[in-house]
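Computed from a predicted model, the values in this text were never measured in an experiment.
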Amino acid sequence: MVNEKVKLSKANVLLIIVAGLASYMDAALLVSLGVALPIWTKYLSLNSWMVGLVSTMLTVAVAVGSFVGGWLSDRFGRVTVFNADIFFVAVGSLIIAVAHNTTLLLVGVVIAGLASGADLPTSLAVISERMSSKLYGRAISSTQIFWTVGILLSQFIGFITANSGMGSPAALFGWIGLVALVNWCVRVFSKRFKTIETDLVVQEQATEDSMTQTTKKYSLRQLLHTSGFLVPMILLTVFYLFWNLPANTWGSFVNYFLVTIDGRTQAYSTIVALIANIVCLLVNLIYLKVSDTKYRYPAMYVGIAVALVSFVIAGIYSDQWQVFTVVYIFYSGSTVLCGEALYKIWSQTFYPVDARATMTGFSYGLVRVLTAVFSLVTPTLMGYSPELLLWIMVGCTVLFGTCAITIVMIIKKMGLKDPTMKTVAKS
């Protein structure tokens with residue numbers, strides 16, 4: 001029934017927290033690198049080429065980690081690979097924290113980036129393998145809350161250590177390393193957690209009658225040559241790419257845009273970004289309540305509409321920084337309703353258990369590579385024509401919105417297990 005709502009058990013909540021910390025660490029790594037770059041530029045005497053290299057190396061490492069990590073987890077065991085991912089996030093982060101030369105810094109960035117990229121598809125598969133599809137919305141929305149907290153806490157640590165020189169990156173990445181190490185210790189050494197993790201798999205297999213499914217192994221080649229997997233993967237990748245291009249552009253360059261293009265102060269741009277992130281967190285808490293109900297897709301349509309209207313208004317009034325400020329905050333809130341959480345839910349819905357990490361990792365890695373390429377030209381495009389950039393964002397919104405609506409139609413047509421719809425899985 002579409003109105004039937006399953007409660008999260010204590011075991012479910014513990015699993016979400018331990019696995020959701022992967023999303024926290026991923027966001028913290030990306031934001032902390034941005035905070036630390038000007039400090040490394042000063043104290044390690046980095047030129048502009050080296051600054052670009054450090055940032056690009058992290059993006060490329062995350063993409064490669066996604067490509068490889070998902071396949072490895074489906075091949076050799078999701079829990080085993082996830083534990084290794086978390087361990088190497090700790091190792092890479094601690095290397096970055098103590099790095100006092102460029103070589104050591106790049107080594108740490110590559111290790112942390114590879115592990116961080118690998119843990120996203122793996123963590124999602126670990127969660128979905130142990131939960132009913134009726135819990136996907138709340139479980140995956142919770143990981144998005146961890147992501148937002150990772151952004152906010154890293155910004156806060158960067159703020160309070162701003163005058164500490166190289167002590168600031170040491171605090172930023174040392175904290176990430178500590179969180180990863182504690183998480184790894186719980187996963188590896190806690191007998192209680194291991195029991196919960198094992199029992200949840202057994203319970204879900206018994207409920208879904210999926211024992212035969214969990215023993216089948218898929219190669220990426222086989223998956224990409226199966227239309228039942230390939231078509232959803234293409235749609236999901238296009239959806240996520242064109243949602244992610246605006247989200248990444250304004251997440252990474254909103255300060256640059258407001259300061260360099262619109263002539264605002266650094267303090268002003270920082271406050272705007274902080275308000276937008278707080279709005280995201282609040283909307284996410286609301287979305288957590290409706291993500292497993294019949295309101296999931298009405299919320300999606302509202303999010304798409306708000307994003308589209310925001311960019312249209314920003315494009316029309318592209319020379320008005322006051323207008324951009326308001327619509328940016330509205331757009332930021334809309335991303336929660338029609339973006340990454342849906343992509344993650346759908347990626348666990350379309351594929352069988354032993355193909356989820358492989359397919360999600362391939363899709364996620366591809367999007368990261370293309371987003372990195374777009375990021376290279378974004379500052380130049382902003383300087384050439386802010387209006388053109390904003391209308392490109394309108395086009396992206398139309399494309400990801402069209403894909404989202406198409407995906408919902410396919411879910412209904414295929415009768416996939418989506419408890420938020422009246423037409424659920426066929427028996």
Chi angles and distances behind the side-chain contact (heavy atoms from CB on, under 4.5 Å) call for Arg264, Val272: CA-CA 11 Å; Arg264 300 301 94 199; Val272 171; over 6 Å; no

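- Leu342 contributes atom CG, which lies 10.5 Å from atom OG of Ser347 (distance to the nearest 0.5 angstrom).
- For the residue pair Val279 and Gly333, the shortest heavy atom distance occurs at CG1-CA, 4.0 Å.
- Between Leu241 and Phe400 the shortest side-chain heavy-atom distance does not fall below 4.5 Å.
- Among residue pairs with one or both ends in residues 170-180, those qualifying as side chain to side chain donor-acceptor pair (under 3.5 Å) are Tyr24-Trp175; sequence neighbours excluded.
- Considering only heavy atoms from C-beta on, Leu172 stays 4.5 Å or farther from Val31 through its side chain.
- Although no hydrogens or angles enter the test, the distance criterion places a donor-acceptor pair under 3.5 Å between the side chain of Thr148 and the main chain of Gln144.
- Between Thr249 and Met382 the shortest side-chain heavy-atom distance falls below 4.5 Å.
- The CG atom of Leu337 sits 10.0 Å away from the CD1 atom of Ile304 when rounded to the nearest 0.5 Å.
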Thr325 vs Tyr268, side chain to side chain donor-acceptor pair (under 3.5 Å): CA-CA, chis, key distance, verdict: CA-CA 10 Å; Thr325 299; Tyr268 178 84; 2.7 Å; yes

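- Note that the CD1 atom of Ile86 and the SG atom of Cys185 stand 11.5 Å from one another [nearest 0.5 Å].
- In this structure Thr378 satisfies the side-chain hydrogen bond (donor to acceptor under 3.5 Å, both in side chains) test with no other residue, sequence neighbours excluded.
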Intermediate values then yes/no, side-chain contact (heavy atoms from CB on, under 4.5 Å), Phe350 and Ile411: CA-CA 8 Å; Phe350 276 104; Ile411 291 174; 3.7 Å; yes

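- Note that the CZ atom of Arg138 and the CD1 atom of Ile145 stand 12.5 Å from one another [nearest 0.5 Å].
- Results of the side chain to side chain contact (heavy atoms under 4.5 Å, CB included) test with Ser32 over Ser154, Ser168, Pro169 single out Ser154 as the only residue that passes.
- Checking side-chain atoms of Ser66 against main-chain N and O of Gly117 turns up a donor-acceptor pair under 3.5 Å.
- Listed by chain and number, the residues in a side-chain contact (heavy atoms from CB on, under 4.5 Å) with Leu53 are Trp49, Met50, Met57, Leu106 (sequence neighbours excluded).
- Residues in residues 334-350 take part in these salt bridge (Lys or Arg N to Asp or Glu O under 4.0 Å) pairs, two or more places apart or across chains: Glu340-Lys344.
- Evaluation of the ring pair (Phe, Tyr, Trp, His ring centres under 6.0 Å) rule for Trp40 yields Phe173 as partners, not counting sequence neighbours.
- Pairing each heavy atom of Phe82 with each of Asp119, the nearest pair is CE1-CB, 3.9 Å.
- Using a 4.5 Å heavy-atom threshold, the side chains of Arg368 and Val60 count as separate.
- The two atoms that bring Thr406 and Thr402 nearest to each other are OG1-O, 2.8 Å, heavy atoms only.
- Contact of the Ile313 side chain with the Phe324 side chain is not registered, since no non-hydrogen atoms from C-beta on lie closer than 4.5 Å.
- Put simply, the side chain of Phe146 reaches to within 4.5 Å of the side chain of Ile17, judged on heavy atoms.
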Intermediate values then yes/no, side-chain contact (heavy atoms from CB on, under 4.5 Å), Ile392 and Leu381: CA-CA 10 Å; Ile392 289 174; Leu381 190 55; 3.7 Å; yes

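- Residue Val98 comes nearest to Leu104 through the heavy atom pair O-CD2, 4.4 Å, listed as atom of the first residue, atom of the second, then distance.
- Scored by the side-chain contact (heavy atoms from CB on, under 4.5 Å) test, Val306 finds Val302, Ser310, Phe330, Ser334 as partners (sequence neighbours excluded).
- Ser164 pairs by the side-chain contact (heavy atoms from CB on, under 4.5 Å) definition with Thr161, not counting sequence neighbours.
- Not counting sequence neighbours, the partners of Tyr331 by the ring pair (Phe, Tyr, Trp, His ring centres under 6.0 Å) test are Phe311.
- Around atom CZ of Phe88, no more than 12 heavy atoms belonging to other residues, nucleotides or ligands sit under 6.0 Å away.
- A distance of 4.5 Å separates OG of Ser93 from CG of Leu29, quoted to the nearest 0.5 Å.
- Side-chain contact check for Leu282 versus Ile286: every heavy-atom pair is 4.5 Å or farther apart.
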Worked verdict on Asn248 versus Thr371 for side chain to side chain donor-acceptor pair (under 3.5 Å): CA-CA 8 Å; Asn248 184 76; Thr371 302; 5.6 Å; no

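- Applying the ring pair (Phe, Tyr, Trp, His ring centres under 6.0 Å) criterion to Trp147, with sequence neighbours excluded, gives no partner residue.
- Residues Ala99 and Met166 share a closest heavy-atom pair of O-CE, 3.5 Å.
- The side-chain contact (heavy atoms from CB on, under 4.5 Å) check on Val369 picks up Ala63, Phe67, with sequence neighbours excluded.
- Evaluation of the ring pair (Phe, Tyr, Trp, His ring centres under 6.0 Å) rule for Phe87 yields Trp184 as partners, not counting sequence neighbours.
- A distance of 8.0 Å separates SG of Cys338 from CE of Met300, quoted to the nearest 0.5 Å.
- If you look at Trp346 and Tyr240, their ring centroids are not closer than 6.0 Å.
- Put simply, the side chain of Trp243 reaches to within 4.5 Å of the side chain of Thr335, judged on heavy atoms.
- Considering every non-hydrogen atom in both Leu288 and Ser142, the closest pair reads CD1-OG, 3.3 Å.
- Among pairs with a residue in residues 274-302, none fulfils ring pair (Phe, Tyr, Trp, His ring centres under 6.0 Å), at least two apart in sequence or across chains.
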